[in-house]
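So the structure is just underneath, and the comments pick up after that.
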Amino acid sequence: MATALFTHPVFLQHDTGEVHPERPDRMRAIDKVLSHDIFSALVREEAPLREDVEEQIRLAHPATHLELIRSISERARERGIPMHADGDTLVSLQSWEAALRAVGAGLAAVDAVIEKRAANAFCQVRPPGHHAEADKAMGFCLFSNAAIAGLYARAKHGAERVAVVDFDVHHGNGTQNIFWSDKDLFYGSTHEMPLFPGSGAANETGVGNVHNAPLRAGDSGERFREAVESRILPALHNFGPDIIIISAGFDAHQADPLGNVRLVEADFLWVTEQLTDMARKHSGGRIVSMLEGGYDLNALARSVAVHVKALMNAGA
């Protein structure tokens, strides 16, 4: 089985403005690098606009949140200009479809991996999701893509233990918020502190299912690997996941303008290999990766390339 890639042209139409860091050029940079011959074995799939997508969003978000984002999207279309869901989270004319397809990519990837039509999957999507709390859009995120995918794996496919592992430089407060009180849901995160959104301290543990490994500004790959090996991997091994969802943010790269951690491509390769190895041990290799941050275009492209190549190697 091959690695599946889920994406769609509408992700270019989620218009956040020329100076916003979470911009359409992120998709173009990834498209360019993944067009290389070494990625020819990827099974390229369209991120779907599914009939059940709103039902699945409600696994993580109340109906009031869904309707709020819908109403903001409708106002953006009526006025012909982007609207703010919060101070730095914009909703443009095509954002509603993009957000639904971003969620749909995660759902389709879970289906493909669990039904053994793909070895694993990478979802090249925007808007990202890990800052969206149950009832709040924030941090460029409208819906909690990774959390929804994980909850769907349980609801649709009977996955008893679902893990989300997040290596974005910013803490995934949304995923943590949604998973907080459920012992059968695991959230593990490395991230810089102090930094937006201000959560993610090591003593934030939920019901023993949340495992934060905060990093400091200036920390390099050595400290990152130590944090993963000491806090995330042992806890993940003890949890024994039936499926692993990766919140794959690449803004901990040393070139990224929004963080101060000093990772390089080799670190993203290493952590992907560690997670695919854990998936091989516990979950039959079932792993779905969803794009989160990463705002220096060259660093993003190079980091995605090694991440996806590691996924491909794991499924070979």
Side-chain angles (χ1 to χ4, degrees), residues 3 5 21 26 29-42 119-124 128 130 146 163-172 188-193 195 211-237 244-281 285 287-316:
T3 296
L5 170 68
R26 300 178 67 231
I30 296 172
D31 286 342
K32 184 176 180 180
V33 74
L34 294 185
S35 68
H36 193 281
D37 288 347
I38 65 172
F39 299 106
S40 61
L42 285 171
N120 50 47
F122 178 66
C123 300
Q124 177 195 336
H130 73 153
V164 173
V165 178
D166 187 336
F167 51 76
D168 193 281
V169 81
H170 303 96
H171 181 244
S189 176
T190 59
H191 49 273
E192 181 182 340
M193 283 193 76
L195 194 67
H211 304 272
N212 288 310
L215 305 172
R216 297 176 181 174
D219 278 351
S220 65
E222 180 180 2
R223 177 69 188 94
F224 167 72
R225 296 185 192 209
E226 177 186 324
V228 172
E229 289 183 319
S230 64
R231 289 191 60 85
I232 305 300
L233 295 179
L236 186 60
H237 175 70
I244 297 173
I245 313 293
I246 303 176
S247 273
F250 300 99
D251 42 6
H253 194 284
Q254 64 181 5
D256 199 275
L258 297 193
N260 307 285
V261 175
R262 311 297 294 171
L263 302 191
V264 296
E265 292 86 338
D267 298 308
F268 295 117
L269 172 63
W270 175 84
V271 73
T272 308
E273 290 175 340
Q274 297 301 307
L275 294 174
T276 56
D277 184 58
M278 193 66 69
R280 190 179 304 111
K281 291 176 180 175
I287 196 162
V288 169
S289 176
M290 303 202 71
L291 181 66
E292 300 284 0
Y295 306 104
D296 179 273
L297 298 181
N298 290 328
L300 173 65
R302 296 193 306 268
S303 300
V304 168
V306 299
H307 176 67
V308 172
K309 189 59 179 172
L311 293 175
M312 295 172 69
N313 290 341

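Please read these numbers as outputs of a predicted model, since none were measured by experiment.
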**Request:** In sequence, state the C-alpha distance, the side-chain angles, and the governing distance for Val33 and Val308, and then conclude on side chain to side chain contact (heavy atoms under 4.5 Å, CB included).
**Result:** CA-CA 11 Å; Val33 74; Val308 172; over 6 Å; no
Which atom names give the shortest non-hydrogen contact between [X] and [Y], and what distance separates them?
| X | Y | result |
| --- | --- | --- |
| Pro257 | Asp296 | CD-N, 3.8 Å |
| Met312 | Ile38 | CE-O, 3.6 Å |
| Leu34 | Phe39 | O-CB, 3.4 Å |
| Thr190 | Val228 | CG2-CG2, 3.8 Å |
| Leu258 | Val169 | O-CG1, 4.5 Å |
| Pro128 | Glu292 | CB-OE1, 3.5 Å |

**Asked** Which residues pass the side-chain hydrogen bond (donor to acceptor under 3.5 Å, both in side chains) test with Asn313, sequence neighbours left out?
**Response**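 Asn313: no side-chain hydrogen bond (donor to acceptor under 3.5 Å, both in side chains) contacts found.
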Close side-chain approach of [X] and [Y], heavy atoms under 4.5 Å:
| X | Y | answer |
| --- | --- | --- |
| Ile246 | Phe122 | no |
| Leu236 | His211 | no |
| Leu263 | Asp256 | no |
| Val306 | Thr272 | no |
| Asn120 | Ser289 | no |
| Leu275 | Leu233 | yes |
| Phe167 | Ile232 | no |
| Pro214 | His191 | yes |

**Message:** Checking Glu265 against His253 for the side chain to side chain contact (heavy atoms under 4.5 Å, CB included) test, could you report, in this order, the C-alpha distance in whole Å, the side-chain angles of both residues, the deciding distance, and whether it holds?
**Reply:** CA-CA 8 Å; Glu265 292 86 338; His253 194 284; 3.4 Å; yes
**Request:** Report the relative orientation of the aromatic rings in His307 and Phe250; use parallel for angles under 30°, tilted for 30 to 60°, perpendicular for over 60°.
**Result:**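 Ring orientation of His307 relative to Phe250: perpendicular.
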**Message:** Can you list everything that forms a salt bridge (Lys or Arg N to Asp or Glu O under 4.0 Å) with Asp267? Sequence neighbours excluded, please.
**Reply:**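 By the salt bridge (Lys or Arg N to Asp or Glu O under 4.0 Å) rule, Asp267 matches Arg225.
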**Request:** Could you tell me the separation between the NE2 atom of His170 and the CG atom of Asp251, rounded to the nearest 0.5 Å?
**Result:**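 Separation between the atoms: 5.5 Å.
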**Prompt:** If you measure from CZ on Arg262 to OG on Ser220, what distance do you get to the nearest 0.5 Å?
**Reply:**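 Between atom CZ of Arg262 and atom OG of Ser220 there are 9.5 Å.
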**Item:** More than 12 heavy atoms of other groups within 6.0 Å of Arg280 CZ
**Value:**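 Counting neighbours around CZ of Arg280, more than 12 heavy atoms of other residues, nucleotides or ligands fall under 6.0 Å, so yes.
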**Item:** Exercise: do Asp166 and His130 side chains pair donor with acceptor under 3.5 Å
**Value:**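 A donor-acceptor contact under 3.5 Å links the two side chains.
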**Item:** Stepwise side chain to side chain contact (heavy atoms under 4.5 Å, CB included) test for Leu291 and Arg26
**Value:** CA-CA 11 Å; Leu291 181 66; Arg26 300 178 67 231; 4.1 Å; yes
